*Asks:* 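Below is the structure I would like to discuss, written out as C-alpha cells.
If you read the sequence from its start, that first residue is 1, and numbering goes on from there. These numbers were taken from a predicted model, which means no experiment stands behind them. Computation of the quantities below employed the complete heavy-atom set of this structure, encompassing side-chain atoms and omitting hydrogens, waters and symmetry-equivalent molecules.
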Amino acid sequence: MRSTADRIRHAVSFEVIGLLAVIPLGSWAFGLEMHAIGVVALVSATLATLWNYVFNLGFDRMMMRWVGHTRKWPMLRVGHAVLFEVGLLAVLLPFIAWYLQIGLWTALVMDLGFAGFYLVYAFVFNWAYDLIFPIPIEVVAD
C-alpha cells in the first residue's frame with residue numbers, strides 16, 4: 001500500500017494540475033467569469049482532496065482484503081474513477097447551485113461537465129502516477 005506521504009503528494013498534485021486545467025476550460029465552456037468558476041473549482045478541489053484521500057485509502061484497503069494487492073488494471077481504474085465521481089457529485093451539487101444562484105438542474109449539468117472532465121483526467125492522472133511512482137511491492141506475512 002502507499003504511504004501517507006505518497007497519498008498526500010498524489011492528492012495535492014492531482015488537485016493543483018486539475019485546477020490549472022479546469023478553471024480556464026470551465027470559464028470558457030459555461031460562459032462564466034474565471035473568478036466564479038475559480039471559487040467553485042477551489043471549493044470543489046478542497047472537498048475532492050479530502051474525499052480523494054479517504055476514498056483511495058478505503059478502496060486500497062478493500063483491494064488488499066479482496067485480492068491481496070493494490071495494483072489496478074485499466075477496467076478497475078474506470079470503476080474507481082466512476083465511484084469517486086459519484087460520491088463527489090452528491091456533495092458538490094448543492095454547493096454549486098447555491099453559490100452560482102442557479103437551479104439544481106443547471107447545477108447538475110454543470111457538475112456533470114466537471115465530472116466528465118475529471119473522470120477522464122482521473123483515469124489518465126492515476127495511470128500516469130502509478131507509472132511515475134510505482135506501488136511498492138507488498139510483503140505478505142504468513
*Asks:* Hey, quick one: are Y129 and L57 part of the same hydrophobic cluster, counting side-chain heavy atoms closer than 4.5 Å, chains of contacts allowed?
*Replies:*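 No; tracing contacts between hydrophobic side chains, which count when under 4.5 Å, never links both residues.
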*Asks:* Go through the steps for N52 and H10 under the test side chain to side chain contact (heavy atoms under 4.5 Å, CB included), then give the verdict.
*Replies:* CA-CA 9 Å; N52 189 328; H10 174 272; 3.8 Å; yes
*Asks:* Counting only heavy atoms not in R61, do more than 12 sit closer than 6.0 Å to its CZ atom?
*Replies:*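 Atom CZ in R61 is not crowded, with 12 or fewer foreign heavy atoms closer than 6.0 Å.
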*Asks:* Decide whether L42 and F95 are clustered together by the hydrophobic rule: side chain heavy atoms of Ile, Leu, Val, Met, Phe, Trp, Tyr closer than 4.5 Å, transitively.
*Replies:*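 Linked, L42 and F95 end up in one cluster.
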*Asks:* Which residue is it: T106, L104, L112? I am looking for the one with a side chain to side chain contact (heavy atoms under 4.5 Å, CB included) to L108.
*Replies:*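 Going through T106, L104, L112 one by one, the side chain to side chain contact (heavy atoms under 4.5 Å, CB included) with L108 is satisfied by L112 alone.
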*Asks:* V40 versus M110: any side-chain heavy-atom pair under 4.5 Å?
*Replies:*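 No - every pair of side-chain heavy atoms lies 4.5 Å or more apart.
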*Asks:* Judged by atom type as modelled, is there a donor-acceptor pair below 3.5 Å linking the side chain of Y99 to the main-chain atoms of V39?
*Replies:* no
*Asks:* Which heavy-atom pair separates P74 from W127 by the least distance, and what is that distance?
*Replies:*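 Taking P74 first and W127 second, the nearest heavy atoms are CG-CH2, 4.2 Å.
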*Asks:* Nearest 0.5 Å, please: how far is CD1 in I96 from CG in D111?
*Replies:*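 Answer for the CG-CD1 pair, D111 versus I96, is 4.0 Å.
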*Asks:* Out of curiosity, does L50 fall in the hydrophobic cluster containing F55 (side-chain heavy atoms, cut-off under 4.5 Å, transitive links)?
*Replies:* no
*Asks:* Could you see if M34 belongs to whatever hydrophobic cluster contains F114? Use Ile, Leu, Val, Met, Phe, Trp, Tyr and a side-chain cutoff under 4.5 Å.
*Replies:* yes
*Asks:* Please say which of T70, D130, N56 ends up in a side-chain hydrogen bond (donor to acceptor under 3.5 Å, both in side chains) with R2.
*Replies:*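 Of the listed options, the one satisfying the test is D130.
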*Asks:* If you measure from CG on L93 to CH2 on W105, what distance do you get to the nearest 0.5 Å?
*Replies:* 10.5 Å
*Asks:* On the 0 to 90° scale, with breaks at 30° and 60°, tag the F59-H80 ring pair as parallel, tilted or perpendicular.
*Replies:*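 F59 and H80: perpendicular rings.
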*Asks:* Could you pull out the closest heavy-atom pair between L19 and P24, with the gap in Å?
*Replies:*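 That closest heavy-atom pairing would be O-CD, 4.2 Å.
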*Asks:* Enter the distance from Y53:OH to R7:CZ here, rounded to the nearest 0.5 Å.
*Replies:*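 Between Y53 OH and R7 CZ, I get 6.5 Å after rounding to 0.5 Å.
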*Asks:* Counting C-beta onward and ignoring hydrogens, is there a side-chain heavy-atom pair between F125 and Y118 closer than 4.5 Å?
*Replies:*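 Sidechains of Y118 and F125: no contact.
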*Asks:* Got a second to check how far K72's NZ is from M75's CE, nearest 0.5 Å?
*Replies:* 15.5 Å
*Asks:* Count the heavy atoms belonging to other residues, nucleotides or ligands that lie under 6.0 Å from CD of E33, then report whether that count exceeds 12.
*Replies:*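 Open.
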*Asks:* Taking all atoms of both residues into account, what is the closest heavy-atom pair of A97 and G103, and its distance?
*Replies:*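 Shortest heavy-atom separation between A97 and G103 comes out as CB-O, 4.2 Å.
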*Asks:* If you round to the nearest 0.5 Å, how far is CG of L92 from OG of S44?
*Replies:* 4.5 Å
*Asks:* May I ask you to test the W66-M63 pair for a side-chain heavy-atom distance under 4.5 Å?
*Replies:* no
*Asks:* To check you understand the geometry: which heavy-atom pair defines the closest contact between L88 and W51, and what is its length?
*Replies:*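 Residues L88 and W51, closest heavy atoms: N-NE1, 3.8 Å.
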*Asks:* Are L47 and V22 connected, step by step, through hydrophobic side chains (Ile, Leu, Val, Met, Phe, Trp, Tyr) whose heavy atoms are closer than 4.5 Å?
*Replies:*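 Yes, it is one cluster - the side chains of L47 and V22 are joined through contacts under 4.5 Å.
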*Asks:* So, T49 side chain and A45 main chain: donor-acceptor pair closer than 3.5 Å or not?
*Replies:*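 Side chain of T49 to backbone of A45, a donor-acceptor pair under 3.5 Å: yes, one is there.
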